[in-house]
Amino acid sequence: MTTTIRLQREAFDVAAEVAALTRGRTDIGAVVTFTGICRADEDGAPIAALTLEHYPRMAEAEIARHIEEARARWPLLGMTVVHRYGRLVPGEPIVLVVTASSHRQAAFTAAEFLMDFLKTRAPFWKQVETFAGTSWVEAKAADDVAADRWSAPPRREVR
Amino acid sequence: MTTTIRLQREAFDVAAEVAALTRGRTDIGAVVTFTGICRADEDGAPIAALTLEHYPRMAEAEIARHIEEARARWPLLGMTVVHRYGRLVPGEPIVLVVTASSHRQAAFTAAEFLMDFLKTRAPFWKQVETFAGTSWVEAKAADDVAADRWSAPPRREVR
Amino acid sequence: MKLIYFAWVRERVGKTEEEIDPPAEVATVGDLMTWLAGRGEEYAYAFENAKVIRAAIDRHHVRADAAIAGAAEIAFFPPMTGG
Amino acid sequence: MKLIYFAWVRERVGKTEEEIDPPAEVATVGDLMTWLAGRGEEYAYAFENAKVIRAAIDRHHVRADAAIAGAAEIAFFPPMTGG
């Protein structure tokens with residue numbers, strides 16, 4: 001299985017990441033991508049930018065552990081996670097998850113799983129820059145709820 | 001909301017479709033893409049090609065009805081569905097769904113919803129070309145099960 | 001009214017579409033399939049297991065008990081396998 | 001052992017990392033937060049609500065009752081907001 005984890009300041013190219021995962025293969029029937037983008041508002045208030053701080057070696061290790069867990073849980077053929085850090089303005093992409101499988105359900109489920117864990121367990125912190133100053137984004141209870149659903153045995157058997 | 005439906009013989013460009021949906025916008029926080037690809041096997045047997053037959057005006061109308069239903073059910077900011085027809089060889093993309101929302105859960109859920117309906121309700125039929133001859137792909141019970149889960153009220157409240 | 005056939009229904013009937021004018025007692029989609037099945041060997045073969053065949057009236061999915069009165073275009077096809 | 005701080009914990013402590021040598025009775029991550037909170041105003045502020053602060057030992061998430069013996073690198077940070 002092809003897996004890629006990259007933390008970087010630079011923007012990423014979704015098409016290039018998908019091509020790297022699927023090139024020359026004819027066993028992949030489903031590719032899901034998730035791109036997280038910096039919005040111009042946070043909790044309803046306009047923002048000028050987000051600055052992402054991270055814990056470098058731990059972030060890579062934590063993402064690798066979750067990729068390993070996804071691989072053990074679902075029949076996947078490839079996974080890519082790219083997460084940016086540094087200052088990002090509205091409209092810029094923040095995070096990319098790509099999953100590939102022979103069937104769609106594993107690809108969808110693993111992408112949601114990886115995103116829920118990036119939101120709650122990967123050591124990244126967002127600082128919001130508004131026109132009035134800076135503040136740290138607070139963790140959302142809804143993200144913990146979303147992550148908690150993966151503690152139960154896999155819920156959906158359909159593929 | 002931006003919606004695009006296209007049925008075509010030609011391949012599609014995922015990056016261009018995503019760009020068309022998100023360009024110049026700063027309210028989109030999540031973009032999910034699903035790409036379905038022709039595999040080199042169907043039910044474990046090697047195939048040479050798939051030929052997709054469709055019912056042109058109904059396919060567009062049926063997809064439009066499901067896009068409308070997704071728009072009514074989840075807070076979406078854009079949806080694109082591109083479905084190919086004609087003869088496709090293993091490795092070629094068949095179908096693309098792109099969903100955009102301010103938050104990830106709506107984007108993921110709507111993409112799964114649209115795919116489940118494309119599999120079971122959109123008037124397309126796949127004929128498999130093997131090295132021994134041709135046969136029509138049979139509908140899968142698992143796809144009906146997947147589509148049936150949307151008859152119940154939305155199951156996941158997390159965003 | 002116009003009939004259109006797809007996939008193996010089309011292959012078995014041997015045509016992609018045709019104009020028909022069924023008698024008045026053919027009221028529903030189910031009646032129409034029974035009537036068609038009596039039109040010859042190729043139709044009998046196409047509609048031999050009518051339960052698996054799906055239908056659309058004017059490009060909307062319908063069940064076998066749907067009335068055909070007023071329909072301009074009725075399509076018959078196997079369960080769909082798109083996506 | 002080395003301590004590393006992130007986000008507002010880092011801002012409140014006023015440094016990104018430091019070497020410490022806590023007394024033997026500081027056995028767990030929770031003990032360490034209590035001990036750190038007594039080291040001065042900035043630490044008291046950073047750890048005033050220790051329950052919300054997360055910790056990692058050698059780049060693995062741990063709970064407050066985790067033993068710190070043998071740890072090379074302990075990190076303190078707020079709940080994560082990546083993705």
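Because the structure is predicted, anything quoted here is derived from the model rather than measured. In the text below, chain A, chain B and the rest are named by the order of the sequence lines, each starting its count at 1.
A heavy-atom distance below 4.5 Å is found between the side chains of Arg39(A) and His103(B). Between Ile37(A) and Val31(B), some side-chain heavy-atom pair lies under the 4.5 Å cut-off. Residues Arg104(A) and Glu112(B) fail the side-chain proximity criterion, which asks for heavy atoms closer than 4.5 Å.
Residue contact with chain A, scored on non-hydrogen atoms closer than 4.5 Å, involves the backbone and the side chain of Asp116(B) alike. In this structure, chain B has a heavy atom under 4.5 Å from the side chain of Lys119(A), while its backbone stays farther away. Proximity to chain A (any heavy atom under 4.5 Å) is shown, for Ala141(B), by neither the backbone nor the side chain. For Ala107(A), no part lies under 4.5 angstrom from a heavy atom of chain B.
For the options Gly36(A), Ala111(A), Pro93(A), Gly29(A), heavy-atom pairs under 4.5 Å to chain B are most numerous at Gly29(A). Options Val97(B), Ile94(B), Thr33(B), Thr26(B) differ in how many heavy-atom pairs under 4.5 Å they form with chain A, and the most are formed by Thr33(B). Most heavy-atom pairs under 4.5 Å with chain B, from the set Cys38(A), Ala15(A), Ala30(A): that is Ala30(A).
The neighbour count for Glu138(A) CD, taken as heavy atoms of other residues, nucleotides or ligands under 6.0 Å away, does not exceed 12. Heavy-atom neighbours of Glu92(B) CD from other residues, nucleotides or ligands within 6.0 Å: above the threshold of 12.
In this structure, Thr35(A) OG1 and Ile28(B) CD1 are separated by 11.0 Å, a value rounded to the nearest 0.5 Å.
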